[in-house]
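Chain A is the first sequence line, chain B the second, and so forth, proteins listed ahead of strands; every chain is numbered from 1. Values below: every heavy atom of this structure, side chains too, minus hydrogens, waters and symmetry copies.
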Protein chains: 2
Amino acid sequence: MPTIRDVSKLAGVSVATVSRLLNKSGYVSQEAEKSILSAMRELDYSPNEVARSLAGKKSHTIALMVPDILNPYFPRIAKSVEREAEARGYNVLLCDSDHDPAKEERYFETLRRKKMDGIILASYSARPSGLRELLERDFPVVSVDNVFDADYPMLAVTADNRGGARLAVRHLAESGCRRIGHLRGPRGVYTAEERYEGYKEELLQSGIFEPDLIAQGDYSAEKAYSATLALLDRHPRIDGLFAGNDLMAAGALQALREAGRQVPGDVKVVGFDGLDMPLLAQELSTVSQPIDEMGATAVRQLADLIDGKPIERTERRLGVSLIVRGTTGVSSQDSLYP
Amino acid sequence: MPTIRDVSKLAGVSVATVSRLLNKSGYVSQEAEKSILSAMRELDYSPNEVARSLAGKKSHTIALMVPDILNPYFPRIAKSVEREAEARGYNVLLCDSDHDPAKEERYFETLRRKKMDGIILASYSARPSGLRELLERDFPVVSVDNVFDADYPMLAVTADNRGGARLAVRHLAESGCRRIGHLRGPRGVYTAEERYEGYKEELLQSGIFEPDLIAQGDYSAEKAYSATLALLDRHPRIDGLFAGNDLMAAGALQALREAGRQVPGDVKVVGFDGLDMPLLAQELSTVSQPIDEMGATAVRQLADLIDGKPIERTERRLGVSLIVRGTTGVSSQDSLYP
DNA sequence: GTGAAAGCGCTAACAC
DNA sequence: GTGTTAGCGCTTTCAC
């Protein structure tokens, strides 16, 4: 593999000049530039980014930490993060913690060793100690769709979970539901708590809050399925259901179907996320998050952090919107496909 | 940040000894080990992987190139690749080409600069010139779910697409279908051609092959939706449909529903992939690929390539299996959820 | 405008 | 068993 030295020799200049041209730093005369360029072409030179990183103290790589890339929410995040990152000259290292705190900690150490320029944290484990250490070292980290407590001082990009939940529940109430259940996400997970709060607030305000209509889920369709069956068993007359995310809404729909409940006739259902899953997306009323924008915003914030630019807000909360479809009463014949 | 030199000083040994311990290469005495370990702890030392890469000629990172991480097939690949890679000490750089040849080429150049140890290619663009260059330089590359022609000599891990297609079509025929259509994948894409061939072979053998029952899709649900509507228009009496992948099957199901066709009553449908999408996975009969195994196998092959181990087979073809569910006649009440 | 040279933090001979 | 030292390929002062 040809090196910068080979190029400099062939071009009859010094490595410093080649480096200047490469990085567009400092002056390089027309003729020097010409001969360097042709030397590069002739040698098929390609700068060694590893050496650049070592000397220049920047790896031009950021890490994306997710709990499970199979959860369709995260490919959405990954897509937008990758896009924005690539556009800004960063590459993305995919870290799937697999919901395993040990693996996550392993990754934090790896990221430190690999001198990542920053981390987009789309994971939501409790209190990763590796993360605390990184933060103490002023490692640039931006959290997406999650807000940590004060022990973990970092930027966060989130959606308006509380407001979205209220939108969803209000819509159910306005559609005539009086017994509105909630299939909530895991305890201690920020978004789950926020959505639960929104649900509660709205119903409290309407005077129809009933704590026993809440079922515990873990953001997975499987758990949602069984939790919904149990909920139906306890409260056969439930007529509305706000699921903490679309995946759980899918599990709930399956359970409702098997329990012989008509949707939206007997029970109306609203999800959260606005994922674009085949079949599901045709039917499910949901609260849509601007996931792409969240990913892109996170990268932008991270890039500013890395560049040492002043950060105006430490928390960015993006708006959500209600999408009304078949599971709350509109004809399910409507198609998303053009 | 403390360096290996700081550790060696504090431990009262040379950097070489520390390096030996770090890499478990060469002998290190008990006492040296002890003092080094405590020095590391005291300094909170973390080896600089960038420097290791430069000196040691290995980045311990592989790239995963996908055309679109939003297509649910690719998170499956990503998951298994990441898992196997992490277990073997490699990290994974996510490269989403976005179906854009220019972006893909940009990535090939980047991967060369970043000294990736290898590439898992789950992309399927025609003839990337950047890839040819990498191959010429003996860059380790393993292709998943795709086989390139002889100009691109590399290992490949695929599923038995042809056999799977025959399984699907035979199942439709045995279920009583006589006019079996095919919603095929994009021209020139290896898996699409293979599945098409299998479809054709099986029907030719049964004596019910009819070329006009073939509709062109592009592996997306949207295109499948419109192509299916057009197909139904041309051939209202179609009674079976083999979709080239599950995403297209989803689009087809939507079209059939809107066209007023009963599934599986009027038309039976089989997909390909065995994706685990909410709702869809409850109903769709499909040919299941061992995606996890394909990803893991690809990483294993790649690791062997990187380590210079002898490769026994340049092409690995994994078996598939038919999963019969609601869209070919079994009660759609069956649930995948426990 | 350009070049010489000192690192960046680590590995790997090679010598002891 | 351990230490010395020459790189790995690049960036970046600092002179000229």
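The ring-ring contact (aromatic ring centres under 6.0 Å, His included) search around A/Tyr190 returns none, not counting sequence neighbours. Every residue was checked against the salt bridge (charged side-chain N to carboxylate O under 4.0 Å, His left out) condition with A/Arg20, not counting sequence neighbours, and none meets it. Take B/Glu86 and apply the salt bridge (charged side-chain N to carboxylate O under 4.0 Å, His left out) test, not counting sequence neighbours, and it matches A/Arg106. Applying the salt bridge (charged side-chain N to carboxylate O under 4.0 Å, His left out) criterion to A/Lys103, with sequence neighbours excluded, gives A/Asp98, B/Glu82. When the salt bridge (charged side-chain N to carboxylate O under 4.0 Å, His left out) test is applied to B/Glu315, the partners found at least two apart in sequence or on another chain are B/Arg317.
Pairs engaging residues 127-150 of chain A under the ring-ring contact (aromatic ring centres under 6.0 Å, His included) rule: A/Phe148-A/Tyr152 [sequence neighbours left out]. Listed by first and then second residue, the salt bridge (charged side-chain N to carboxylate O under 4.0 Å, His left out) pairs that reach into residues 3-15 of chain A come to none, sequence neighbours excluded. Among residues at least two apart or in separate chains, there is no salt bridge (charged side-chain N to carboxylate O under 4.0 Å, His left out) pair with a member in residues 116-125 of chain B. Residue pairs meeting the salt bridge (charged side-chain N to carboxylate O under 4.0 Å, His left out) criterion with at least one partner in residues 29-38 of chain A, sequence neighbours excluded, are absent.
In this structure the side chain of B/Tyr90 never reaches within 4.5 angstrom of the side chain of B/Leu302, judged on heavy atoms.
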What string of B, S and - do you get for nucleotides 7-16 of chain C 5' to 3' if you count protein non-hydrogen atoms under 4.0 Å?
BBBBSB----

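Where DNA chain D meets chain A (any atom under 4.0 Å from a heavy atom), the bounding nucleotides read 5' to 3' are D/dG9 to D/dT12.
For the pair A/Tyr27 OH and C/dG3 P, the computed distance is 17 Å after rounding to whole Å.
In the helix from C/dG1-D/dC16 to C/dC16-D/dG1, the rotation axis of the first five pairs and that of the last five pairs differ in direction by 30°, rounded to 10 degrees.
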